[in-house]
Number of protein chains: 2
Amino acid sequence: MMRPTRNGAQLITNTQGSAPGTGPQPADFTDVRATNLAVVLRFVRENAPCSRADIAASTGLNKATVSSLVADLIDRRLLRETGLTENRVGRPATMLVLDGSPYAAVGIEVNVDYLTAVAVDLKGEALLSWRRAFPGGSASSGQAVAGIAGVARRVVTRMTKEARQVLGLTVAVPGLVDLGGSVRLAPNMGWRDVDLAGDLAKALRDPGFPVLVDNDANLGALAELRFGPHGGVRDLVYLTGEIGVGAGIVLDGRLRRGGAGFSGEIGHIEIVPGGPPCHCGRRGCLEVVAGLGALLDRTVPGGVSPAELEPEIDEVVQRAEAGDPVVLDLLDTLAGNLGRGVGIVANLLNPEVVVLGGYYVKLAPWILARAEQEMLGRALAPGGGGCRLVVSGLGYGAAALGAAARVLDSVDSGRLPAPA
Amino acid sequence: MMRPTRNGAQLITNTQGSAPGTGPQPADFTDVRATNLAVVLRFVRENAPCSRADIAASTGLNKATVSSLVADLIDRRLLRETGLTENRVGRPATMLVLDGSPYAAVGIEVNVDYLTAVAVDLKGEALLSWRRAFPGGSASSGQAVAGIAGVARRVVTRMTKEARQVLGLTVAVPGLVDLGGSVRLAPNMGWRDVDLAGDLAKALRDPGFPVLVDNDANLGALAELRFGPHGGVRDLVYLTGEIGVGAGIVLDGRLRRGGAGFSGEIGHIEIVPGGPPCHCGRRGCLEVVAGLGALLDRTVPGGVSPAELEPEIDEVVQRAEAGDPVVLDLLDTLAGNLGRGVGIVANLLNPEVVVLGGYYVKLAPWILARAEQEMLGRALAPGGGGCRLVVSGLGYGAAALGAAARVLDSVDSGRLPAPA
DNA sequence: AGAGTTAGTTCGTCTAACGACCAAACAAAC
DNA sequence: GTTTGTTTGGTCGTTAGACGAACTAACTCT
């Protein structure tokens, strides 16, 4: 059997908050070990249950090496042996699966009116999913930090009761988050320059696990990458459909945050020159012509209150289902503008998939086709360069799920818990 | 002294045309060696002349390891020892520099009317720079391949005469190039689905070095990254200013080509809805409102002929220098539209630098300030998220230079020539 | 001359991948 | 049942190569 080719390889580092410009890191044996442990872990995640022999055959690693790596992963309680295979020629194989019981990854999504917390095990299966009211828009950032920390503590104690070790906590915030986990600007929350990652770590008093903060669209993209139906996709853009619109950009399999961490601000791209004014001070931003604010302003009497977005969207859906021509027309216009934004993304980034998330999911029946058609008509590459426009199937907690996925990603890329 | 932190590391592969979806590659000792050889090579490139001790101190590698790695690189004729240091306390250091003499990297830039070939040594210093007329727009793709191959052969024999081994050849093409080096669409050249990389390799009959093809904007970005004055920048966008406008996108230190290789098609983003028609069939594309066609159509009687772009631009420059209000007004409008395009890039990708290349360089005195102001006014992040708009200093052969740089990049990332 | 300082090499240690071999455990053929 | 073949997974010795410590070399300064 042919061994998979070993190409020229290069080491990359993947930490939030590591000193920039330190240049390329040299490699030593521990890096090889970490890489191979991660390779085996990911293989089992994607092919469980599987045997050591399967791993060796598929990855090209030596059988002896695989045995050693698997033993290490079992020591660290990341893998578990299950039963043997039966009714096959030859010695039966002992099957391996991810051990779901000892660990938890926690994600919290902060929003204007509510707060979602999820915990998942190594397999990505949900352990808990809480959603509660949260006066994010009206509270001070200090109060908000206290509130988030409170929820985080409750999740952690719950996990501890289940005898699980928390591997990490990531918080999703709708706004500009820099690479150190500071929230530079979150207009809807009324935040500016809040060191959320630092403050949370302080509030949790040496939690023993990393606390990270990231943009909600970025984490939505990670959620799609891990939990969505996009097998093997390496280039994906996720769009949040809320009052604001944000993009999470994955290229070559990893989030691309830009120089300062502020990539994905598609909501303030000018789509309609001289169009309606945006709260950001400009006009015709994607957000005001394809966000939900514009839609609800014209369908809901008395304007939009962020705290009651969901029932208002539901009303729009009902009226659309009933065939209300005013609503259908507004949705069509929104879809057209959204498609223009997606067209820009397709031309500039050539992703394989653009995923619509947030409230766009509920509106999909009336906007997806038009938006896709608009995108395809605007992309220079024939057929949009292979770009598909699809709807997220992850529901509301997508960013929270992505926040947990970010913790799992750091495990997958070599940051393993120590053996017992 | 503190040793640089070793973060979790992950192996990535970096070949054009490697089978997709093969998953993460496991690492072995040869990968460690290749990585560290590349680390030393890059360090010397950036810090030459330097001693073994310098390398060890800065990279964190052990002195003994550095000695071994340097010996290997000298065997491969990539490094060379120069004189000793003098007048310093302690034993004098033997200084190391890149060995410029044994190798050459070749880049060829194909254009509608001309063809640029450059060869550089390991240091990136130019060995030759040819520019000759080339009936690209009017010839069949077969004739074009023959023409390019002819130039390539002449460059190779010239290099061979200088006792240099050619490490690789990259060809820059203005158009959509897929990940296998096929030109899918090059409107200005009149090409569609030309397997340029394959055809060239065939025409050169087993050349003994890799032949790659890439988009001109992508390679322009690589040229800026390597030869431009942007030390340490990891997120950069390069804009070609020709009749068409293209973008090369570098995020996290590497080109991001998108799912099919078609990223960077900024020229056909709609900037002015309902604006002037573009040859692509749409209206108001960036290319028609900020490309050179629009400018020249209105300043040069009788329209634009691609073959005579340069003198026509020179005339525009002269009239601008003379204060011609019509020209100044047109340039201001162009700058405004360009700035809107750059604003989109800044919002979506948050690069540290956007570099204007091509003929934008000549026009910079009249467009740079306005375009930057427009971009800054459109970026959501304060101060454009740190994004600067600058002018390329590389001159016309930028894409050809970038094509050669791509060859050097593959060396830098571990694809070293074998020892003698 | 001797002390101090810095550069680079040598040597032994250690990690971890690899190849070859082997025992265990089964199915199928006899 | 016995034998044969197949597959799994482990053991053992080899090997690549990074690392640390000790050592030698070559200079400056006093």
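Naming: A, B, ... by sequence-line order, numbering from 1 per chain.
- One can find a donor-acceptor pair under 3.5 Å joining the base of C:dA7 and the side-chain atoms of B:R91.
- For the pair A:F29 and B:G90, nearest-nucleotide mapping onto DNA chain D gives the more 5' position to A:F29.
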Open item on the list: Could you go through A:D214 and A:R257, starting from their C-alpha distance and side-chain angles, then the distance that decides it, and tell me whether this counts as salt bridge (Lys or Arg N to Asp or Glu O under 4.0 Å)?
Closed with: CA-CA 10 Å; A:D214 208 333; A:R257 296 188 168 83; 2.4 Å; yes

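- When all heavy atoms of B:V106 and B:V407 are compared, the pair lying nearest together is O-CG2, 4.1 Å.
- In this structure, the CG atom of A:L37 is 15 Å from the P atom of C:dT15, given to the nearest Å.
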TODO: Go through the steps for B:S68 and B:R33 under the test side chain to side chain donor-acceptor pair (under 3.5 Å), then give the verdict.
DONE: CA-CA 10 Å; B:S68 157; B:R33 189 68 173 179; 2.7 Å; yes

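- Ionic pairing of A:R164 and A:E162 is present here: one or more N-O contacts between side-chain nitrogen and carboxylate oxygen are shorter than 4.0 angstrom.
- Between C:dG8 and B:S67, no contact under 4.0 Å exists linking OP1 or OP2 to a side-chain N or O.
- Not one side-chain nitrogen or oxygen of B:T65 sits closer than 4.0 Å to the OP1 or OP2 atom of D:dG17.
- Going from atom CG of B:L73 over to atom P of C:dG8 covers 15 Å, rounded to whole Å.
- Summarising the geometry, the separation between CG on B:D31 and P on C:dA16 is reported as 15 Å, rounded to the nearest angstrom.
- Remark: C1' of C:dT15 and CG of B:N62 are 15 Å apart, rounded to the nearest angstrom.
- Protein atom CG of A:L84 is 8 Å distant from nucleotide atom P of C:dC26, rounded to whole Å.
- Of the listed nucleotides (D:dC29, D:dG9, D:dA18), D:dG9 has the atom at the smallest distance from the side chain of A:K63.
- A heavy-atom distance below 4.5 Å is not found between the side chains of A:V97 and A:L79.
- For the pair B:T94 and C:dG8, the criterion of a side-chain N or O lying under 4.0 Å from OP1 or OP2 is met.
- An OP1 or OP2 oxygen of D:dA18 is reached within less than 4.0 angstrom by a side-chain nitrogen or oxygen of B:N36.
- One atom, CG of A:D75, and another, P of C:dA16, lie 13 Å apart when rounded to the nearest Å.
- Look at CG on A:L69: it is 14 Å from C1' on D:dG10, rounded to the nearest Å.
- Backbone-only engagement by B:A53 is indicated by non-hydrogen atom pairs under 4.0 Å involving sugar-phosphate atoms exclusively.
- Both A:A64 and B:P92 sit near DNA chain C, but only B:P92 has its closest nucleotide nearer the 5' end.
- For C:dT5, neither phosphate oxygen OP1 nor OP2 lies less than 4.0 angstrom from any side-chain nitrogen or oxygen of B:R88.
- The nearest whole Å value for the distance from the CE atom in B:M95 to the P atom in C:dG8 is 9 Å.
- Between A:R52 and D:dT7, a side-chain N or O to OP1/OP2 separation shorter than 4.0 Å is absent.
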